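Here the structure comes first, spelled out in structure tokens, and everything after it is commentary.
Please read all numbers here as calculations on a predicted model, not as lab measurements. The first residue in the sequence is number 1, and the count goes up from there.
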Amino acid sequence: MSADKGFVEMTGIDAETSQDIAEAITGKGGRYLEAQIQGSKVQAEEGILVILAAGDRSLFDDCQSCFQAMGKNSFFLGEVGSASKMNLVLQLMMGVAVAGVAEGMALADRAGLQQRDVLEIFELTTLSCPLLLEKGKAILEGAFPTNLPLQHMQKDLKLSLSMGDQLEQPLPVSAAANEVYKHAKRLGYADHDVSAVYIRARF
């Protein structure tokens, strides 16, 4: 690393780790940017990811052509750590929502309702969104093709809960959802899609 180089961190990490990396890079005169990704494997293939960036603004500007090739939108959120925090907030909401769909589908099955009917009606309500419909269909088919690995979601929930602890922010619903994902991992579904959390929810 030298003054004429920049480093872009695009893995899902916590804010503290990102800040440590930034200090090491800038300490040698380099530029650092964290660029968290919101989106799935399919969205990556279609080039419609959302990029959440923070750190060196000039490096963010220099990376625009790369970001535009990968995503439909990129956001600069300020100082190092902000993008990591934003990503964890969004992942927390997604993880809880998918766990909710899984529990709803499990309850419907136990109540003798047709899950296909549940999804058809769900799609007509204000709850409907592409993500939850996609996960609901995966649950219905029971295939769980990996779009977003379950173990990645559980990792992000764990990091979100850690951030909550540091900020003394209670996250009881997220903590409960995290336990469901952890159990699904123990059942052997870590590498399956996040929708495989249904396997645990139906117990």
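Salt bridge status for D14 with K85: absent, with no side-chain N to carboxylate O gap under 4.0 Å. Taking a cutoff of 4.0 Å between a charged side-chain nitrogen and a carboxylate oxygen, K182 and E179 qualify as a salt bridge.
Every residue meeting the salt bridge (charged side-chain N to carboxylate O under 4.0 Å, His left out) condition with R57, not counting sequence neighbours, appears here in chain and number order: D61. Listed by chain and number, the residues in a side-chain contact (heavy atoms from CB on, under 4.5 Å) with D156 are L88, Q91, L159 (sequence neighbours excluded). For K72, the side-chain contact (heavy atoms from CB on, under 4.5 Å) partners at least two apart in sequence or on another chain are I48, V50.
Summarising the local packing, NZ of K158 is surrounded by 12 or fewer heavy atoms from other residues, nucleotides or ligands at distances under 6.0 Å. The environment of CD in E16 is crowded: more than 12 heavy-atom neighbours from other residues, nucleotides or ligands sit within 6.0 Å. Heavy-atom contacts from other residues, nucleotides or ligands closer than 6.0 Å to CD of E45 number more than 12.
Listed by chain and number, the hydrophobic cluster partners of L107 come to none, as no ILVMFWY side chain reaches under 4.5 Å of it. Alongside L33, the hydrophobic cluster contains V8, M10, I37, L49, I51, L59, F60, F67, M70, F76 (criterion: ILVMFWY side chains under 4.5 Å).
The aromatic rings of Y32 and F7 sit parallel, their planes meeting at an angle under 30°, below the 60° perpendicular limit.
Under a 3.5 Å cut-off, the side chain of N178 and the backbone N or O of L157 do not form any donor-acceptor pair. Looking at Q19, its side chain never comes within 3.5 Å of a backbone N or O of G81 through a donor-acceptor pair.
A distance of 9.0 Å separates CZ in F75 from CE in M86, rounded to the nearest 0.5 Å.
Residue S195 forms a side-chain contact (heavy atoms from CB on, under 4.5 Å) with just one option from V101, L132, L150, I139, and that option is I139.
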Between R31 and T26, is the side chain to side chain donor-acceptor pair (under 3.5 Å) condition met? List the steps.
CA-CA 6 Å; R31 296 182 296 165; T26 57; over 6 Å; no
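Side chain to side chain, S74 and Q64 meet the donor-acceptor criterion of an N or O pair below 3.5 Å.
Side-chain atoms of D109 and Q114, non-hydrogen and from C-beta on, never get closer than 4.5 Å to each other. L161 is listed as a side-chain neighbour of S174, based on a closest heavy-atom distance under 4.5 Å. For the pair Q115/L140, a side-chain contact is recorded, criterion being any heavy-atom separation below 4.5 Å from C-beta on.
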Below 3.5 Å, can you tabulate the donor-acceptor pairs from side chains in residues 165-172 to any protein atom, sequence neighbours excluded?
none

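When every heavy atom of A201 is checked against every heavy atom of A106, the shortest pair comes out as O-CB, 3.7 Å.
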